[in-house]
Each structure stands twice: as structure tokens, then as C-alpha cells.
> 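The following block contains the structure, expressed as C-alpha cells.
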Protein chains: 2
Amino acid sequence: MLSKKTKYGLKALTYIARSEGDSPIQVAVIAKSEQIPQKFLESILLTLRKSGILGSKKGKHGGYYLREEPSEIKMTDVMRVLEGPIAMVPCVSLNYYEKCDDCPNEHKCSVNKLMLQVRDSTLKVFRNTTLADLSNTNE
Amino acid sequence: MLSKKTKYGLKALTYIARSEGDSPIQVAVIAKSEQIPQKFLESILLTLRKSGILGSKKGKHGGYYLREEPSEIKMTDVMRVLEGPIAMVPCVSLNYYEKCDDCPNEHKCSVNKLMLQVRDSTLKVFRNTTLADLSNTNE
DNA sequence: ATTATTCCTATCGATTTAGTAGGAAAGACA
DNA sequence: TGTCTTTCCTACTAAATCGATAGGAATAAT
């Protein structure tokens, strides 16, 4: 299951991408429009900022803005920040690889074999999708 | 993340498929060979039996066996039993569809759009993979 | 100063995960 | 019949994760 955190994060990013003016968007505005608990959203946007996807401005007229064009923001990056590793099992993870304690031979492991395929196909989707694709209303 | 339950379940099914003799395989044997806590494995195999993937025989010389040929057992079915819905979000689930409370228009929802693609690509993998593929050591 | 906003830390209740415990029920075999 | 073996079932538990909430510090605009 997708966590609420990721769901809210994606919706917020989409909202910001669609609002593309010059001024930053405030958490309260997004929270209200997308029906997301504001305090929760605050912490999510903070994570996105720390990861470099969002920028922020404090104080009056502050808020969050995208650091790159929506078409440059790949879902691989967004998903890794929000949801963690894309692989369902550490032994097939590109960025967080870890050997299984039990598994004596990874290449003979049925779970490894299957999950490798799943990872590859999911990765293909995330690599080919940008925030611009998500924000595009028509389609 | 893949649950241990699913991981163990897949390993056990693979073990049984590879052992294809005429006599059922006992939980204790699988547990020892695959390093799975026996009581936990018991409950997993029970689930698989209730779902119709495995058959069982009680008492001495009892154990579990496959109800169909490994090449007939599709990962879509196995994964749904062990891990639950394949979709990461109920609003794109084929078997467990549910509308989001918040989402006024599903077709304009960025999360929906993305997760639909992920579901389709994952589904393609599971539909094209059978237990026979997993048990095949060479490849 | 005042007000608006992000930033940070801590806490909390509910749910899920990964088991464990104990024994009932059924079947094999002597 | 009695014993042993195996699945079957229910209930419990410790730990982790999730989805928040609370309260206020820091910063910026006016």
C-alpha cells in the first residue's frame, strides 16, 4: 500500500506545479484545497525541501516552490524520498542493496528473481514519468 | 516492502514445486531447509491451502502439495493471497476497488494516474510468471 | 512591534507485522 | 485399540510503523 505521506506528497507537488506563478505556495492553501491535515503536510513538505525537490521561503508571503521545472522532476526521485526504496526487497534494490541473511545464493532465489522483474518494470514507469505528466490535466 | 509472510510463502511454494514427487511435503522439512520459523510457516501454508493453491493431508506422512501444475500457478493469484491487492492504492485496484474519500475526480487525480501505470506494469509481470518460472533453477 | 509563515522536536493512539503458545482434530500404523 | 505424527485453529504478544497532533522557535514582511 501507498502511504498517506506519499499520496499527500504527490498531490501537493502536483498542486504546486499547477500553480506555477512566481510566488511560493503556502502549506495552508494546499492543505485546504487538497483536504490534507495541515500539520502533517507541513512535515511532508519539509522532507521534500530537505531532499532538494522543493525550495522554501519563510515568513509572510513565504511558502514552497519547485526547484526545477516540473518536466525535470522525475518520479524515481520523488518516490524514493517519499516512499523509500522502489524495490520490494533489499536484495534487488539499486540504492539500498542488502544481502538477505538466509539466502545462500541470490541468483537461485525465486523471490529475488520475481522481485527483480517487478522492480525493473516499476522503475521504467517512474523513470518515464515526470511531475509535468502528473500535473497535466488533459490526457 | 514485501512482507516476510509473502517471502516465506513464495519460498515454500518454490520448495514444494521443486520437490514434485507424489508424496506431500511436511512443514517441518520446508521450515528447516528454508530457515523459516515453523509455526509461522504453518499459518502461511494454511492460508495458501484455504485459498485453493495448496492441498493438504493430515496425520502421519501428511503435508502439503500443489493443487495444479507449477506452470498453471500464476503469480497474480499467489501474490493476491499472500500480499493482498496488487495495486498500491484502492482506487486503481481491479479486485478491491474503492473510491477515495477526498478525490472528487479520479481521472484528474495525479496519484491515480501514476499508480494506474504502476499497477499495469506490475500486473504484466505477475501474469506472465508462474511458479514453474520461479522454481526453474537454470536461467 | 505585529503578523504570517516555515521549521523543529516530541508525543501518541491505532494498526500491522512477525512471530509464539497451546492444544484440538485427523490420519497412519502397530 | 493406542500411539505417534501431522495439520488445523485460536489466542496472545512485542515491536515497529503510520498517521497524525501539540507546542513553540526561527525568520521574514510590513
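Note on naming: letters A, B, ... go to the chains in the order of the sequence lines (proteins, then strands), and numbering restarts at 1 for each one. None of these values were measured; they are calculated from a predicted model.
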> Determine whether a donor-acceptor pair (N or O, by modelled atom type, separation under 3.5 Å) exists between the side chain of A:Thr6 and the backbone of A:Leu2.
no
> Quick one: on DNA chain D, does B:Lys57 or A:Pro37 contact a more 5' nucleotide (nearest heavy atom)?
B:Lys57
> Between B:Ser43 and A:Gly62, just flag the one whose closest nucleotide in DNA chain C comes earlier from the 5' side.
A:Gly62
> At less than 4.0 Å, is any side-chain N or O atom of B:Arg49 found next to OP1 or OP2 of D:dC8? Yes or no.
yes
> May I have the distance from B:Lys58 (atom NZ) to D:dT7 (atom C1'), rounded to whole angstrom?
6 Å
> When we call it a touch if two heavy atoms are under 4.0 Å apart, what does A:Lys50 touch: a base, just sugar-phosphate, or nothing?
sugar-phosphate
> Which sits closer to the 5' end of DNA chain D, A:Gly59 or B:Ile25, going by the nucleotide each is nearest to?
B:Ile25
> Please answer whether the main-chain N or O of A:Val29 pairs with a side-chain N or O of A:Ser33 as donor and acceptor at a distance below 3.5 Å.
no
> Return the value, rounded to whole Å, for the distance between atom CE of B:Met1 and atom P of D:dA16.
16 Å
> Using the rule given for side chain to side chain donor-acceptor pair (under 3.5 Å), can you reason through A:Glu83 versus A:Ser3, listing the C-alpha separation, both sets of side-chain angles and the distance that settles it, and then say yes or no?
CA-CA 7 Å; A:Glu83 192 75 5; A:Ser3 65; 2.9 Å; yes
> Where along residues 78-89 of chain A does a heavy atom come under 4.0 Å from DNA chain C, residue by residue in number order?
none
> Could you go step by step and tell me if B:Lys7 and A:Asp102 meet the salt bridge (charged side-chain N to carboxylate O under 4.0 Å, His left out) rule?
CA-CA 11 Å; B:Lys7 190 184 178 188; A:Asp102 39 327; 3.5 Å; yes
> Under 4.0 Å: is that the gap between some side-chain N or O of A:Tyr8 and OP1 or OP2 of D:dA20?
yes
> Is it the case that the side chain of A:Ser43 and the backbone of A:Phe40 share a donor-acceptor pair, with hydrogens and angles ignored and the cut-off at 3.5 Å?
yes
> Run the side chain to side chain contact (heavy atoms under 4.5 Å, CB included) test on A:Lys11 and B:Cys109 for me, step by step, so that the C-alpha distance in whole Å, both residues' side-chain angles and the decisive distance to 0.1 Å come before the verdict.
CA-CA 8 Å; A:Lys11 286 193 165 198; B:Cys109 172; 4.1 Å; yes
> From CD of B:Glu42 over to C1' of D:dT6, roughly how many Å is that when rounded to an integer?
9 Å
> Go through D:dT27, D:dA29, D:dT7 for me and flag the one nearest to the B:Ser56 side chain.
D:dT7
> State whether the distance check finds a donor on one side and an acceptor on the other, under 3.5 Å, for side chain B:Lys60 versus base D:dG2.
no
> Identify which nucleotide among D:dT30, D:dA20, D:dG23 has an atom closest to any side-chain atom of A:His61, counting heavy atoms from C-beta outward.
D:dT30
> 5' to 3' on DNA chain C, which nucleotides open and close the contacts with chain B (atom under 4.0 Å from a heavy atom)?
C:dA18 to C:dC29
> State which residue, out of B:Val81, B:Thr130, B:Ile86, fulfils the side chain to side chain contact (heavy atoms under 4.5 Å, CB included) condition with B:Thr76.
B:Ile86
> Could you check how far CD1 of B:Ile44 sits from P of D:dT7, rounded to whole Å?
14 Å
> Given D:dA29, D:dG19, D:dC9, identify the nucleotide with an atom nearest to the side chain of A:Lys4.
D:dG19
> Atom CD of B:Gln38 and atom P of D:dC8: how far apart are they, to the nearest Å?
13 Å
> Which distance, rounded to the nearest 0.5 Å, do you find between the CG of A:Leu114 and the CZ of B:Phe126?
5.0 Å
> Rounded to whole Å, how long is the line connecting atom CG of A:Leu41 with atom P of D:dT21?
12 Å
> In whole Å, I'd like the distance from the CG atom of B:Leu46 to the P atom of D:dT6.
17 Å
> Given 3.5 Å as the limit, does a donor-acceptor pair link the side chain of B:Glu106 with the main chain of B:Lys99, or not?
no
> Can you measure B:Lys39 atom NZ to D:dC12 atom P for me and round it to whole angstrom units?
16 Å
> State whether B:Lys74 and B:Asp133 are salt-bridged, where the test is any N-O pair (Lys NZ or Arg NE/NH1/NH2 against Asp/Glu carboxylate O) under 4.0 Å.
no
